[in-house]
Amino acid sequence: MTQTFYLLRNQAVPDIDRIEVYEANQGYQALRKALKEYEPKALVEMVKASGLRGRGGAGFPTGMKWSFLPDDGRPRYLVVNSDEAEPGTFKDRELIEKNPHLLIEGMIISSYATGAREAYIYCRGEFLFGSEQLKRAVAEAYQRGYLGENILDSGFSLDIKVYRGAGAYICGEESALLESLEGKRGNPRLKPPFPAVAGLYGMPTVVNNVETICNLPPLVENGPEWYRSMGTEKSPGLKIMSVSGHVNRPGNYEIPLATPLRALIEEYAGGVKGGRQVKAVIPGGSSVPVMTKDQLDTPLDYESILAAGSMLGSGGCIVIDDQTCMVAVSARLLKFYREESCGKCTPCREGTFWMTDVLERMEAGEGTPHDLDLIRDMADNIAGKCFCPLGDAALGVVVSAMKYFPDEFEAHVTEHTCPMGARLYDTVNH
Amino acid sequence: MKPEWELWAQEAKAEFPKANSALLPLLHRIQSQEHYLSEDTIRDVAVLLKLPVPYVESVASFYSLYYKNPVGKRIIHVCMGLSCALNGSDELMHHLEGKLGIQEGQTTPDGEVSLLEAECLAACNLAPVAQVNLRFVGPVTEDTADQLLTGEVKS
Ligand SMILES: Cc1cc2nc3c(=O)[nH]c(=O)nc-3n(C[C@H](O)[C@H](O)[C@H](O)COP(=O)(O)O)c2cc1C
Ligand code: SF4
Ligand code: FES
């Protein structure tokens, strides 16, 4: 088990959210180095060479995303996605609450690299403390000359603004986020054009996740070879995994990519609670298919998890023990997507509604064998037919759970009872 | 309309001058004073930002943290997300419902406490977790559940 603290520095250094502590621990040194020793283009090349991939869920190569910005003289924006709401994921919240200067330093480096003069942090509305921490840290950074005009005498200027959302998971989707940041309802936009071409206020915009941007200071400090010394060829570097559910030590763990899932659960997170066994793991946030106890030796990198039928996603790893009902798990997650569907398109809005209804009725012992076909049929009618990825995301767990645990689903509709002998929650509450 | 709202609107516009970006920050600030956004408040905000009333209404109604109806001084959000459910969130909700004599989604008759469901609050390490006026409390145990009702609240 390798425990490093490049991103989660706060776990090793108390009070690093305060600027004087951050500075005393090499804080803002990477920024000095970037401004002094690198041209913006060289930084983009460094990010490309490092192989850093977006940590918001899709794993898109960050350097490549940055190089999509058209060189047409229009103002550019950097927007940091701090709307973290994918069930099971809680890494960005720790970063902004406990180590906000790392994000700010990363944003200044990223803005310098991409040519942005204005940057925004879109902070989830529920993160009241997180947004206060960010605002305080931004003000401190202005006071010390890391923000504003002519930063550290480099000739580079940048303003950062903190913007609070108001409760809507869909605003984590980058185009919905930009709508919300423009003071509108958070409905996703039609793509293309992608934000790189027409983003915030119609201008070229880079949208990156909090964790992605937090990689910049250690990357500039230590170089791309260091980054590539961890993980695999296609999935290099560090990832924060949020581990929750039935584990002894739920929390965020910074791991080298390709660490086995078993090590994450047993060594980092202290194993399954009560000495019970793993039944299923949702490795990358609630939008990805489940993995089973037979797949625990899978390395946690984008390719290996994909080959195992799931996705690394946001790194929100939910561990489910062997006494838990997978119909209940599926029902609970479908309810989330029903609540959070923005309602713009029919397959998602109606599909998540009816699927939740059927799953809750099954869990309550009121389902019929026909309901299983109904779920498959609804899944077919949602898959690939929605305006944004939320519709498909709703299917990941239920479809895979039906594949891996067919007996549990069968028993609910034939015996009208839960074979686990327990109901996770009472479904009449819907 | 409260006299200070005019200044708040100017400040929001100064910070976020483009498109309608001042709207969400202004709604937040006014709601933190008023506790909810009445029809009159929505109309005032529309006037302050020179926006159509139906536009402001439609934006405000999209977001779950803008309240269209009066809410309690103490708003308790209990996370019902999967990780919290695996750690007893439903029992916690039932316990609070029993203590308060209301159902989730409701406010006590004296107008003091609102009990609301939340989706995953990105604090699954604290499961089961709740927020009191958006301040995290967790993990909430059987022994500490009642502190959600009585503990000190910051606004
Ligand atoms: C429904 C939905 C919700 C999303 N929520 C988030 C989120 O909370 N945080 C995030 O960084 N990305 C989220 N994303 C991904 C963003 O659209 C976008 O890809 C990401 O912010 C890009 O940053 P990255 O390249 O650094 O990962 C979401 C996507 C979808 C479809
Ligand atoms: S798929 Fe769902 S969330 Fe996405 S646009 Fe359609 S209704 Fe909205
Ligand atoms: S499920 Fe409750 S905080 Fe994530």
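Each chain gets a letter, A, B and so on, in the order its sequence line appears, and its residues count up from 1. In this text, all values refer to a predicted model and were calculated from it rather than measured experimentally.
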Q) Should the pair Glu132(A)-Arg135(B) be classified as a salt bridge under the 4.0 Å nitrogen-to-oxygen rule? A) yes
Q: Name the member of Gln31(B), Glu119(B), His77(B) that forms the most heavy-atom pairs with chain A at distances under 4.5 Å.
A: Glu119(B)
(Q) With chain A as the partner, which of Leu134(B), Leu23(B), Leu27(B) has the greatest number of non-hydrogen pairs under 4.5 Å? (A) Leu134(B)
Give a yes or no answer on whether the side chain of [X] reaches the backbone of [Y] with a donor-acceptor pair at less than 3.5 Å.
X         : Y         : answer
Gln131(B) : Glu126(A) : yes
Asn87(B)  : Gly245(A) : yes
Ser21(B)  : Leu181(A) : yes
Arg185(A) : Ser61(B)  : no

Q | chain A-proximal positions within residues 3-14 of chain B [heavy-atom distance under 4.5 Å] | A | none
**Q.** Residues from residues 44-56 of chain B approaching chain A under 4.5 Å (heavy atoms)
**A.** Tyr55(B)
**Q.** Heavy-atom pair with the smallest gap, counting every atom of Leu86(B) and Val319(A)
**A.** CD1-O, 4.0 Å
Q) So, for Arg332(A) and Asp90(B), which heavy atoms are closest and what is the spacing to 0.1 Å? A) NH2-OD2, 2.7 Å
Q | Part of Ala127(B) within contact of chain A (heavy atom distance under 4.5 Å) | A | neither
Under 4.5 Å, counting heavy-atom pairs only, tell me which of [options] racks up the most with chain B.
options                                    : answer
Gly165(A), Ala168(A), Pro87(A), Gly186(A)  : Gly186(A)
Pro250(A), Ser244(A), Gly167(A), Ala166(A) : Ala166(A)
Ser180(A), Gly202(A), Gly251(A), Ser286(A) : Ser180(A)
Glu84(A), Arg124(A), Glu86(A)              : Arg124(A)

(Q) Are more than 12 heavy atoms, taken from residues, nucleotides or ligands other than Lys99(B), located less than 6.0 Å from that residue's NZ atom? (A) no
Q.
Less than 6.0 angstrom separating the ring centers of Phe16(B) and Tyr163(A), yes or no?
A. yes
Q | Flag side-chain contact, heavy atom, 4.5 Å: Lys335(A) against Glu117(B) | A | yes
